[in-house]
2 protein chains.
Amino acid sequence: MLNYSEIDSILRALVEPTRRQILERLSRGPATVSQLAEPFGMTFAAVLQHLQTLEACGLIRSEKIGRVRTCRIEPGGLAPLADWITERRIPAERHLDRLGQILAETGQSPSKVQDQEKDEQT
Amino acid sequence: MLNYSEIDSILRALVEPTRRQILERLSRGPATVSQLAEPFGMTFAAVLQHLQTLEACGLIRSEKIGRVRTCRIEPGGLAPLADWITERRIPAERHLDRLGQILAETGQSPSKVQDQEKDEQT
DNA sequence: GGAATAGTTAAGCATGGACTTGAGTATTGC
DNA sequence: GCAATACTCAAGTCCATGCTTAACTATTCC
């Protein structure tokens, strides 16, 4: 089973538009904190907080050489969320398949079919 | 290009743990508002607000028959987010591939390779 | 028709998180 | 050494959002 709080921290990181923009910028190549802060109409400190959030949940990685910190995408960072989505899409689609199948076979009312499916929750 | 605010509304919906739990419950089959509210230690009205949020961004669908509203998963609801993730993973991985390739071919320092890649931003 | 049920809406409170300010530290260039 | 650069940290403000309460509507059962 997947780590619940990992998904939580990734979603909390991605929900902020500025952080998504930072990710887009970094997906085109590494950048320093100054370079990342420059295009945004906000303070250096604010961007730094976003970077810390992104790094804390494993979406980016950074390395400080001298006084310069360079940030880059953590390649597998989005994998947990991608997996979470996959896990939630498959049951939903299987459910639909079974529903359609049973309806076609028996011609029962949808409510009766739903009652049947309740019993098979795994 | 993908609709920016669609991703935004989906992420805002998913970031709330209660709403993710509601989705998990619904992925096992349809449920009424009362049924969905029951397991949560919060008021009916609060759960209703979550349901409205989920429906507004296309993650669930609901239908009212008589005085009972039945909710179910909207099968394609997570697709825009899944696509967004895919689009962001591929460039990141391609970048890594190119970096490795160039390093292997030329034996240059990583910083020089990064400078080259900056110029080819599309 | 009237009570019970199922849901809906609006207003207000409380908390979390984004952002700013301002002060501080480490590194580099002269 | 000292000024400039690049970043770091802490405290405080402000606003969005989750939750509650309370009043309301529509439907069903007797």
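Side chains included, hydrogens not; waters and symmetry mates left out as well; all remaining heavy atoms used.
- Considering only residues two or more places apart in sequence or on other chains, V15(B) meets the side chain to side chain contact (heavy atoms under 4.5 Å, CB included) condition with L11(A), R12(A), V15(A).
- When all heavy atoms of A46(A) and M42(A) are compared, the closest pair comes out as CB-SD, 3.7 Å.
- To the nearest 0.5 Å, atom CG of residue L78(B) and atom CG of residue D83(B) are 10.5 Å apart.
- Distance D8(B) CG to dA16(D) C1': 13 Å, rounded to the nearest Å.
- Taking atom CD of residue E63(A) and atom P of nucleotide dA6(D), one finds them 18 Å apart after rounding to whole Å.
- Contacts classified as side-chain hydrogen bond (donor to acceptor under 3.5 Å, both in side chains) and involving residues 39-51 of chain A (residues at least two apart or in different chains) are given here: R19(A)-H50(A).
- Listed by residue number, A45(A), A46(A), Q49(A), H50(A) are the residues of residues 44-55 of chain A with a heavy-atom contact under 4.0 Å to DNA chain C.
- Partners of F44(B) according to the side chain to side chain contact (heavy atoms under 4.5 Å, CB included) rule, which considers only residues two or more places apart in sequence or in another chain, are V33(B), S34(B), A37(B).
- Residue M42(A) contributes atom CE, which lies 17 Å from atom P of dG17(C) at whole-angstrom precision.
- We find that CD of E38(B) is positioned 13 Å from P of dA6(C), with the value rounded to whole Å.
- Qualifying side chain to side chain contact (heavy atoms under 4.5 Å, CB included) partners for A31(A), counting only residues two or more places apart in sequence or in other chains: R25(A), L26(A), Q35(A), L36(A).
- Mapping R69(B) and T43(A) onto DNA chain C by nearest heavy atom places R69(B) closer to the 5' end of the strand.
- One hydrophobic cluster holds both I85(A) and I7(B) under the rule that ILVMFWY side chains link at heavy-atom gaps under 4.5 Å.
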Checklist entry - Nucleotide by nucleotide, 5' to 3', does protein get under 4.0 Å of the base (B), only the sugar-phosphate (S), or neither (-) in nucleotides 25-30 of chain D, counting heavy atoms? => result --BS--
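- Residues meeting the side chain to side chain contact (heavy atoms under 4.5 Å, CB included) test with E55(B), sequence neighbours left out: I60(B), S62(B).
- The interatomic distance linking F40(A) (CZ) with dT20(C) (P) rounds to 12 Å, in whole Å.
- Between the side chain of R20(A) and the backbone N or O of L14(A), at least one donor-acceptor pair lies under 3.5 Å.
- Atoms CG (L14(B)) and P (dT17(D)) sit 15 Å apart, rounded to a whole Å.
- For the pair E16(B) CD and dT15(C) P, the interatomic distance rounds to 16 Å; values are reported in whole Å.
- Straight-line distance from the CD atom of Q35(B) to the P atom of dT5(C): 16 Å, rounded to whole Å.
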